[in-house]
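Here's the structure we're looking at; comments come further down.
Numbered from 1 within each chain, the chains take letters A, B, ... in sequence-line order. Below, each value reflects all heavy atoms present in this structure, side chains not excepted, and no hydrogens, waters or symmetry copies.
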Amino acid sequence: MVAVFLLAGWPVYRLTRPAASVVTANSSPVAATTTDSPETKSAPLELEAVFAPAPADFQLKNLDRTALAGRGPQARFTGRWTTAVPPEGVDLVVQAHWSTVTAGSSNAAAPAANPAAAQVTVRFPDGRKVEKSFWAGENGTVDEVFTVPGEPAAATP
Amino acid sequence: MMHPFSRTFFAVLAAGLGGVGLASAAPLKVASLSTVLSDVARNVGGDKIQVEELVKGGVDPHEFQPSPSDVQLVADANLVLVSGKGMEGYLSKLEEGTDPKKFVNVGNKVGNSLKLKDDGKTIEDPHWWHSVANVKKATDVVRDALVAAAPADKDALTANAVAYQGKLDELDQAIKLKVAELARDKRKLVTSHDAFQYFARDYGFKIYPIEGVSTAEEPSTRKVAELLTTIKKEGVKSVFFENLQNPKVITQITKETGATVGGELYADGLGAPGSDATTYIGMLRHNANTIVDALK
Ligand SMILES: [Zn+2]
């Protein structure tokens, strides 16, 4: 993951060391709880979303439920989301908007800005962790799907 | 339905029609045995090519057999786009009567095959176009073939391919977001024949086909009975029929299981003129929307 960031010019330091402009918040602006289905047990998942730069707003959604949401100037958000995780996994829709940042296409008249990006991490109670990075499109938004696997074998150690 | 063409017929007819050349300014003649590849070729080739569709929208490619006029189109063509992975059982006969080098087996070049058990044999699943990633690769294959045949048009063909692949990326993202409206443990798809395994692999579905890989097979009574049990056990909400199939068995299933008819899917290629699946992108959008809206 880090190698990918380096190759692509991702400002890794902004994800690993909060800069002066990045406020760390450990409270969850929105946390949702779902009901169990007969076949699956609920699990309290720890969600983390880190942005560079801070987004205008973002949300992580599963079906019609919001799992985590917030707005800038914070750049890091965490929260607990309790949900049923079937063996097939769950999909999180990741939506983020940046008000002043566009995609990292270079401009001949000015130095290219770093592209806006988000990294979402999901931690299971048993220590499993899955994460994925998303880059803003040309319109300065992310609108993508992050599949959280239900099978332990498919998770990142 | 099989047409009684012999190898001799193909060879004699093509020999009489072969050797047709084109002035360099004329558009490249591209014959296509796949509705999806016709659409890809039109997007990449633009006004640099003239696409001759042997298999037209709404025609079942499993059952298709070339007519004498189709053989002439192949003989006249500079390139012939082949769906591949075993879809065209008549291909060797068609190749025999003309220059085999002008055949581009796109599906085989795309690779990334799924293997299926069909009638006790392991075969390649020929329905590769239900993966958008595969169609992006097919776009590269078609571009390379067109550039090789018309090197002077390389820049335009390359730009067209890039633009089309951008649209395919948008399509893939739109399907992922649409499918995310459906819980992953509800992604169970009962279809007329086994055509959606690539879609299932890319978007997290499990397929319960009524028939096998080819539309030529009729489902056995035992197979239908097994399927009825599965639909009830898995709580499948809706079942789907196809634009080229008789929905009789689907009707029986809905009566006996309580599942609803989810709608019509395009399994084997683009729809007939006037349908909402006259382009590849339209077809995939229709299928994803129909499936998700019915199973939600
Ligand atoms: Zn088929």
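- Checked for salt-bridge contact, B:K176 and A:D143 miss the test: no charged N lies under 4.0 Å from a carboxylate O.
- Counting only residues at least two apart or on different chains, the side chain to side chain donor-acceptor pair (under 3.5 Å) pairs with a member in residues 226-237 of chain B are B:K188-B:E234.
- The environment of B:K186 atom NZ is sparse: at most 12 non-hydrogen atoms of other residues, nucleotides or ligands sit within 6.0 angstrom.
- Residue B:K255 qualifies as open at atom NZ: its count of foreign heavy atoms under 6.0 Å is 12 or below.
- Atom NZ of B:K223 sits in a crowded spot, with more than 12 heavy atoms from other residues, nucleotides or ligands closer than 6.0 Å.
- Scanning residues 284-296 of chain B against chain A with a 4.5 Å heavy-atom cutoff picks out nothing at all.
- Here the closest heavy-atom approach between residue B:L182 and residue A:L63 is recorded as C-CD2, 3.8 Å.
- Between the side chain of B:R184 and the main chain of A:E88, a donor-acceptor pair closer than 3.5 Å is present.
- Counting all heavy atoms, side chain and backbone alike, B:A180 lies closest to A:D91 at CA-OD2, 3.9 Å.
- Residue A:V93 touches chain B through its side chain alone, counting heavy-atom pairs closer than 4.5 Å.
- Remark: B:L177 CG to A:K61 NZ distance equals 9.0 Å, nearest 0.5 Å.
- With a 4.5 Å cut-off on non-hydrogen atoms, B:E181 touches chain A through its backbone but not through its side chain.
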